[in-house]
Amino acid sequence: MLQLPFTFTLRQADACIEGYTPIVRRLSSLQGQFLDQAAFAAALAQGDPVLYQVYAVDRPDVVGELSSGLTILHPGRVGDEYYMTKGHFHAVLETGEVYYCLGGHGMMVMETPEGDWRVAKMTPGVVVYVPPRWAHRSVNVSKDEDLVFFWVYPAHAGHNYGAIERQGFRKLIVARDGAPAVIDNPRWLPPEMR
Ligand code: M6P
Ligand code: ZN
């Protein structure tokens with residue numbers, strides 16, 4: 001069936017996509033993901049704040065189609081760790097993703113199944129290219145500003161959260177003397193030791 005061209009409006013000023021309802025991810029959906037479990041439990045006891053919202057303009061799960069959308073990741077911390085997305089590999093591992101930062105100040109944490117890792121700074125105007133095979137997680141390192149970014153990836157890519165949920169990313173982003181620092185994740189094991 002012929003797919004017809006269409007448009008949608010991304011309203012940068014109030015960080016939304018007109019006509020679309022965002023997926024809402026609350027603190028509770030990151031159970032077990034933050035390093036400081038006590039701080040996580042204490043935060044959850046105070047409430048279940050929204051960490052991020054995802055406006056997804058999804059396309060049919062067909063090779064060649066591109067899904068896109070807008071993510072708004074709020075500022076905040078769990079212990080020393082900054083608010084972050086769950087992070088994922090793509091279910092179709094050999095698919096990449098392009099991120100275009102529209103607002104705020106963040107970092108993209110990336111790693112391959114073999115344990116290669118990179119961290120990229122995200123500030124307005126920066127485009128992060130996530131190659132095929134690289135898991136990716138966005139982190140908001142701002143004190144009080146939303147991290148806002150537009151993204152595009154192959155509609156058939158899917159999300160594989162399992163590997164990340166089991167032990168997290170190799171590197172974590174925490175506040176040290178008020179500034180973001182990249183540290184080793186003590187939970188992370190190299191593939192040969194899992
Ligand atoms: C980006 C895209 C989405 C993803 C979202 C939230 O906006 O990659 O596909 O859903 O980040 O990240 P996660 O799915 O890891 O919670
Ligand atoms: Zn992705």
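Any value given below was found using the heavy atoms of this structure, including those in side chains, with hydrogens, waters and symmetry copies removed. Start at 1 and go down the list; that is how both ligands and their atoms are numbered.
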Looking only at protein heavy atoms, which one is nearest to atom 8 (O) of ligand 1, and how far off is it?
Glu97 OE2, 2.6 Å

Arg137, portion touching ligand 1 at heavy-atom distance under 4.0 Å
neither

Tell me the protein heavy atom at minimum distance from atom 10 (O) of ligand 1, and give that distance in Å.
His159 NE2, 3.6 Å

Mind checking whether Gly87 has an N or O less than 3.5 Å away from an N or O of ligand 1?
yes

Could you tell me whether a side-chain N or O of Arg176 sits under 3.5 Å from a main-chain N or O of Ala181, the two making a donor and an acceptor?
no

Regarding Trp151 and Thr71, is there a side-chain donor-to-acceptor distance under 3.5 Å anywhere?
yes

To check your reading of the model: name the closest protein heavy atom to atom 11 (O) of ligand 1, its residue, and the distance in Å.
Tyr99 OH, 3.8 Å

When you measure from the Zn ion (ligand 2) to each N, O or S atom of Glu97, which atom gives the shortest distance?
OE1

Under a 3.5 Å distance rule, please check whether Asp48 uses its side chain to pair with a backbone N or O of Val50 as donor and acceptor.
no

Going by atom types only, do Trp134 and Glu97 share a side-chain donor-acceptor pair under 3.5 Å?
no

Hey, does Gly69 sit under 4.0 Å from ligand 1 if you only count heavy atoms?
no

Name of the His90 atom (N/O/S only) found closest to the Zn ion (ligand 2)
NE2

Would you mind checking which non-hydrogen protein atom is closest to atom 6 (C) of ligand 1, with the distance to 0.1 Å?
Tyr52 CE1, 3.7 Å

Does CZ belonging to Arg118 count more than 12 external heavy atoms closer than 6.0 Å?
no

Tell me, which protein residue and heavy-atom name are nearest atom 14 (O) of ligand 1, and how many Å apart are they?
Tyr161 OH, 2.5 Å

Does a donor on one side chain and an acceptor on the other come within less than 3.5 Å for Asp61 and His156?
no

Decide, counting backbone as well as side-chain atoms, whether His88 has an N, O or S atom less than 2.8 Å from the Zn ion (ligand 2).
yes

Hey, can you tell me if Phe8 and Phe150 have their rings parallel, tilted or perpendicular (30° and 60° cut-offs)?
tilted

Distance filter under 4.0 Å to Tyr153 heavy atoms, resulting ligand 1 atoms
9 (O)

May I ask you to decide if Thr95's main-chain N or O and His90's side chain share a donor-acceptor pair within less than 3.5 Å?
yes

Qualifying residue, where the test is side chain to side chain donor-acceptor pair (under 3.5 Å) with Glu165 and the options are His88, Gln33, Lys86:
Lys86

Residue, atom and distance of the protein heavy atom nearest atom 12 (O) of ligand 1 read Thr85 CB, 3.7 Å

Looking only at protein heavy atoms, identify the closest one to atom 7 (O) of ligand 1 and say how far it is in Å.
Thr71 OG1, 2.4 Å

